[in-house]
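Letters A, B, ... mirror the listed sequences (proteins, then strands); counts begin at 1. Atoms considered below: every heavy atom in the structure, side chains included; atoms not considered: hydrogens, waters and symmetry mates. Please read these numbers as outputs of a predicted model, since none were measured by experiment.
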Amino acid sequence: MKYDFTAIEKKWQKKWMEEKTYAAVTGDTSRPKFYGLVEFPYPSGNGLHVGHARPYTAMDVVARKKRMDGYNVLFPIGYDAFGLPTENFAIKNHIHPAKVTHDNVANFRKQLQMLGYSFDWDREVNTTDPSYYKWTQWIFLQLFKKGLAYKTSMPVNWCTSCKIVLANEEVVDGVCERCGGAVIRKEKSQWMLKITEYAQRLIDDLDGLDFIERVKTQQKNWIGRSTGAEVDFKTTAGDTLTVFTTRPDTLFGATYMVIAPEHAYVKKWKDLITNYADVEAYVAEAGRKSDFERTELVKDKTGVRLEGVRAINPVNGKEIPIFISDYVLVSYGTGAIMAVPAHDTRDWEFAKKFGCEIIEVVQGGDVQKEAFTLKDDTGIMVNSDFLNGLTVKEAIPVITKWLEKSGIGHEKVNFKLRDWVFSRQRYWGEPIPLVHCDKCGWVPLPEDQLPLVLPEVDSYEPTDNGESPLAPMTDWVNTTCPCCGGPAKRETDTMPQWAGSSWYFLRYMDPHNDKALASKEALEYWSPVDWYNGGMEHTTLHLLYSRFWHKFLYDIGVVPTKEPYKKRTSHGMILGEGGEKMSKSRGNVVNPNDIVDEYGADTMRTYIMFIGDFEKAAAWSANAVKGCKRFLDRVWNLGEMEHTGEDYSPANEAAVHKAIKKVSEDIEAMKFNTAIAALMALVNDFYANGASRGDMKALILMLSPFAPHICEEMWENMGFAAAEGKMACQMAWPVYDESKTIASEVEMAVQIQGKLRGSVKVPMDSDEATVVAAAKAVDKVARQLEGMEIVKVIHVKNKLVNLIVKPAK
RNA sequence: GCCGGUGUGAUGGAAUUGGUAGACGUAGCGGACUCAAAAUCCGCCGCUGGCGACAGCGUACCGGUUCGAGUCCGGUCACCGGCACCA
């Protein structure tokens, strides 16, 4: 019989679906559980990409292996379906986004099933489903009630093309992440979530997690904790200007101050500033620029001196000038700095341009030529009164203590992390369930009124004035205040796409619950996610946001664990044939459908796992796909041969045990490529030695997580299904015996002076004398030993022997 | 600039974490089968010299530790990813 992958795959997929093979989550809490999670897809109109297939296949292999290991496995899938592309498509084609979403989801589901993934299809979730976003809204209300959601007017990133407010995270290289349009700053009233309140915990709790290191460091850098001090400077205006500095030791070198253009004191000092017109012009100019434009002008510092107001350096009473400049950010620290040009590159550049004094306070450089910025033990303090002679390291605690004692400063920790801009002026998102009443202010919708369903609108177009498309819907907007019963208006902004994905893994645990986001029992049993694999691009967005929400839910007693994910791994990108990123314009996009049609899902799965190191980027190769098809053909043809013996054959026994060990360990370590290589090597052995039924049984079971369809078919054809009364995927994973992984004889390397000179076959675990004797008998070795005497022997059991020699006397 | 990572045959990539570098696959070459081709099966396949047995060299580059280094240490170069006027 020929390997008819199309018929085989159709047959088994149907059987798995009909028998709900993977929905058999038993609820038997005595069994160990395993929760494997992949990032649910955004159901775009383009359908599934090969980029999805890599992480999904990997976790499917893990899930299948875990089931065979006896775990109760939760391996779910869903759709993160709110978002701009759907909305844009809907606008362009005049189709309701819900309809677009429904069709795209249907297509995705078909493709996922075509690849044979063992998802539990009874637990599918969709973030746009009102029964789902009811709970997204519920979580938002809890955040609001705890004071973690607030509305504020702030300069925001405004995409001129999408006409939408973007989170800092959505601005990449100064342009909109999605459309590439120009981003400017605009003053807008926005809902914010206080993720900064959790900054310290988001760093601290990383320590206990099994996340790959680069994810941890990237999150830490993003949160950006730095320790320093806040210092109060008195001014000639009679008030106090507070700055944040990480270098309080350099306080004696502070020769001027800089405040951000948006700093409140600019307006406060209006009457004192004699050049206010210049100042005002500069502020206006800075306000127009986007963050990107401001940072682009790095080389050339700009600013204006505030004439009429001066600050007083608290350590020496010196009067120093104050400037405004956009190199100081209003959103970090206090929005004001003390400038120490001698020891900070940016201050130095500014000082050179504006002719400020440069005073050296740490020895070690020529501060007139460039800033000396090393903060280590070697720098000695000078020109600093009571700090003179101390090292920088010693001076910091001394000055900090002095500041505290004098009441002009204190130690302070700052974070780069900003609060999360949570509202979007868009239609296709979760409505924010709040009502504004002139008397009562912002009032949460009563929970029994959730979900607040998106109303039908005539137009999804964003409006030019930046309001949500929901805003013109007066009969929806106008409502009554849940608090006082008076007239009130609904919030018309919607939530960002990150909302629905911040907690979806909880919903999978109990997806049909209408009393809670999930039951206590389900949360207790399944939490936390044991293994979450996803893309590096989500490290500082989705992954951080969902950790934040989860910590909040933990604080209010909803979830049982502090952290949502025990283990986080990340896969590399799949590149096009030439090693370039796949894109429509390059014409190098590989469609999974085509591969499945031509070679079958099993080949697709095997290849995508064999393509290379899972964590690194890998280029697609059409030839290598054929190689994997050839491998499966060889496996199939092996099954068509005659086999006798239910045990492992003597010729293959060691190889089979070794392969079981290798494949088991490699799957656990995400080294899927070498697991498949080991199976290929085993098949080569079987071709050379012939295979027993026992040998074949082990091979089929080990291959089944990677290529499940062909394995089930062979399992059935060879009569194993009938004998066991089970499908291959329901069998126990084969076990290996360590002592049988090694043959009775081993080949050992023989080195002389550390140089390889030959090899020798000796019985397993031979002692040194035996090995040396055998080594001397090897021709090549004997020749090298002529006229030499052995002075030292290094013997590594079963590995090698190294003979150290010198000329004999 | 700061943080993280990578560098191995023509090529994708292996190497039990200091112990025979190049597993497995692709491409290539040779053979069997075939009228022929495809498919399949068998063999070869780091570089240099030699008919050959064999010898020398070889994991980006320079140096070090070690009986022994792709692996550890110091330095250099190149590339990739993240952050970036964060005081």
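Secondary structure note: stems in RNA chain B built from 3 or more consecutive Watson-Crick or G-U wobble pairs under 3.5 Å occupy B:1-7 with B:77-83, B:10-12 with B:24-26, B:28-32 with B:40-44, B:46-49 with B:54-57, B:60-64 with B:72-76.
Cation-pi contact between A:R305 and A:F354: absent, since separation from the ring centre below 6.0 Å together with deviation from the ring axis within 45° is not met.
Taking atom C1' on both nucleotides, B:rA21 is separated from B:rU17 by 15 Å, rounded to a whole Å. Nucleotides B:rU40 and B:rU8 have their P atoms positioned 31 Å apart, rounded to a whole Å. The P atoms of B:rA14 and B:rG7 are separated by 9 Å, rounded to the nearest whole Å. Here, B:rC41 and B:rU48 have their P atoms 31 Å apart, quoted to the whole Å.
Nearer to the 5' terminus of RNA chain B, by closest-nucleotide assignment, is the contact made by A:D633 (compared with the other of A:D633 and A:D347). Residue order along RNA chain B, read from the 5' end via each residue's closest nucleotide, puts A:A618 first among A:G758 and A:A618.
Heavy atoms of A:Q751 sit under 4.0 angstrom from at least one base atom. Residue-level contact check: A:K412 touches neither bases nor backbone, having no heavy atom under 4.0 Å from any strand. Counting any heavy atom pair closer than 4.0 Å across all strands shown, A:I676 reaches no nucleic acid atom.
A salt bridge links A:E665 to A:K661: at least one charged side-chain nitrogen sits closer than 4.0 Å to a carboxylate oxygen. A salt bridge is absent between A:K352 and A:E370; no separation between the charged side-chain nitrogens and carboxylate oxygens falls under 4.0 Å.
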